[in-house]
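Comments concern the structure below.
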Amino acid sequence: MEHLIIGCKQKNPARQRELFGLFAPVLMTAARRYASTHGEAEDILQEAFVRIFRSMDQFDPAKGALEAWMRRIVVNTAIQHWRRRHKVFPAIADDYLPEHPVAPDMDAQMDAEELLQLIRELPPGCRLVFNLYAIEGYSHAEIAQQLGIAESASRSQLARARKQLQTAVFSLQKNGIL
Amino acid sequence: MTEFEKNARQQLHRYASPVDSGRLWAQIEQDLQRDKRRPKLFWISLLGMGLFVAAVAAWYLNMGNVAPAPQPAPAPPSRFHHSPVATNSPGNPGNQAPPVSTRAVPGERAISVASGHPFSEKQPGRAGSPAGRLFDYTAPLHTLPVAAPPTPQASVLIPATDERRQEASTMKHPATLPALPILNKPLPLPSKEIFPAAGAGKTDCPRWRKNRGVRLYAGLYGGAQYPLKTLTAKTAEFDGLAQRRTDTETVLEGVSVGGYLGLKHWSGISLESGLEYNRLAERFDLKSIRTDTIGRIGITGVIVNAPGDTTFIQDSVFVVEETRSVKQTFNSYRFLQLPIALGYEWSKSDRWSFYVKAGAALNLRFRQKAEMINANGVPEKFVSESPRPGYPFRSGIGLSPFVNLGTRYRLANGLGVFAEVRYMRHSRDITTTNYPVRQRYDLPGVNLGIQIHL
């Protein structure tokens, strides 16, 4: 891995290509979590890799793993992509969403593609907050700062996302898909 | 974080999605190649700015070395303002009568002078002159020193002063004075260079007129255009594609910056050439509406059995959720142009002038970057540096005729600012021959700039 990092810092095209081939599939999953369509996910991934190669000089192996650093760039790129498309953060309507008990091992029966599909079906604002909180591990304060919203808005978006996921999983279970 | 979320996180962090590596890497590589080329444009711009600063400095230093215009030589006393010599006048201390010969000298002609002329006064008592007769020019009598011809900057007529009159009255006996040839020859006319012909350019400074040749000048300008875009299908089969592109692409603005060198003839005709960078900006908007039907458990009925005993009926309800999204991308088309123009300028006043220029620009297309609807009806990104069969863009060369109408204001000698309107037409499509839709631009716009004479 060190030779890859050094080669990318030296702008070696072959090393850059190798790094791309190695990490593109995993980072594509991250891009797909934030995008509404496959094309949009490819745009995010392309833009993210260009930033990665441009800022490779700033990566310090002592401060963390390369994959985590690259994943953060993908997330930041996705957030900027989202900001360009959505000028106003959507408000949450106070509608009734009953709580559904989800079987403890329900998620284990779902593979990654199904999870991605469920996440993609979330409304854009809920999807973004859910990804940042549940998958990336940001706090509500950090999410609020990143997106320029109030913490309460972040919490309500997450609550809505969770309820909607519950409902979707329950529906799949009821229909015998899971 | 719930268990569901923890497990989702673990699964999704490990999962490798399918990726079209080849196509994605090609686009990433183009973006990285662009970064390498960008510094070249920076150095070219820096060189251009350096040349401009050097030209301004050279002009400023040259202005300091210009020799002051030669002072007009003091005009000699006009012979027409001398007082007539009178024998009995107080100003004639000698009170001597000028010798007058009544005999006509062969070869000389007699000229009668109207009364009121200084030389028409009667000279009673003059020796040899009958009383009451006009001064006889036929005799070689008074010869005053011939005044030197006026210098080009001097005016011909000098107003008479008391000093000159007194000087004239104390002049010596005409016999000692040289001959007066003035009336035998026409007076020298003033130089044409002093009084330019009517209608000549009043902005011509003496130095410029002195050359009466061509002058070298340079200028810098910046401008904005409103691109008029034309999208037409080459065959009827692709009318739908042209229409979809028209619906999804919006022209924003065009900007240009350039410099030029030119040669200007004193008659006002000029020939100039230069270099211009031009960028057209557009926006691609694709609105999509996604409708999701989400099943929920909702209360569909209420049965009141008795006061305090209510039964709620739950059932699946389907909620239709509509998500509207807008895909927005900014497209840009870049050109390097080498214009060559022939122009004519005429002056309205010492400061203002108007001009017209017409010519053609060699138009080099490069770095066309756009996202647009492709033939399959889906948005696709295209960059001109990676052409493939059926690709819409490729770097190339075309010719663009243009015409400019402008006005110039002279700030100082050799330095002026100008504003002009320009109409330019791309004579060739910016899309490739194999692409089924023609894309062409007309560019009306305005330019502002400065010009200096070198």
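To find a chain, count down the sequence lines: A is the first, B the second, and so on, and within it residues start at 1. Everything numeric here is computed off the predicted structure, so don't read it as measured data.
In summary, of the residues considered (Lys234(B), Arg365(B), Arg438(B)), a salt bridge (charged side-chain N to carboxylate O under 4.0 Å, His left out) with Asp429(B) occurs for Arg438(B) alone.
Heavy atoms of other residues, nucleotides or ligands lying less than 6.0 angstrom from CD of Glu151(A) number more than 12.
You'll find the side chain of Val50(A) stays beyond 4.5 Å of the side chain of Gln27(B), heavy atoms only.
Between chain A and the residues Arg14(B), Glu371(B), Arg9(B), the largest count of heavy-atom pairs under 4.5 Å involves Arg9(B). Taking chain A as the reference chain and counting heavy-atom pairs below 4.5 Å, the highest number among Asp20(B), Ile28(B), Val19(B) is found for Ile28(B).
Residue Ala35(A) comes nearest to Ile44(A) through the heavy atom pair CB-CD1, 4.2 Å, listed as atom of the first residue, atom of the second, then distance.
Ring geometry for Phe20(A) versus Phe49(A): interplanar angle over 60°, hence perpendicular rather than tilted (30 to 60°).
Here the side chain of Thr29(A) pairs a donor or acceptor atom with the backbone of Ser17(B) at under 3.5 angstrom.
With a 4.5 Å cut-off on non-hydrogen atoms, Glu47(A) does not touch chain B at all. Proximity to chain B (any heavy atom under 4.5 Å) is restricted, for Arg32(A), to the side chain, taken from C-beta onward. If you measure heavy-atom distances from Ala112(A) to chain B, the contacts under 4.5 Å come from both the backbone and the side chain. Heavy atoms closer than 4.5 Å to chain B are found nowhere in His81(A), neither backbone nor side chain. Both the backbone and the side chain of Pro18(B) come within contact range of chain A, each with at least one heavy atom under 4.5 Å from a heavy atom of that chain. No part of Leu27(A) comes within reach of chain B, as not one of its non-hydrogen atoms sits under 4.5 angstrom from that chain. Contact annotation for Phe23(A): neither backbone nor side-chain heavy atoms come within less than 4.5 Å of a heavy atom of chain B.
We find the OG1-CZ distance between Thr232(B) and Arg245(B) to be 10.5 Å, quoted to the nearest 0.5 Å.
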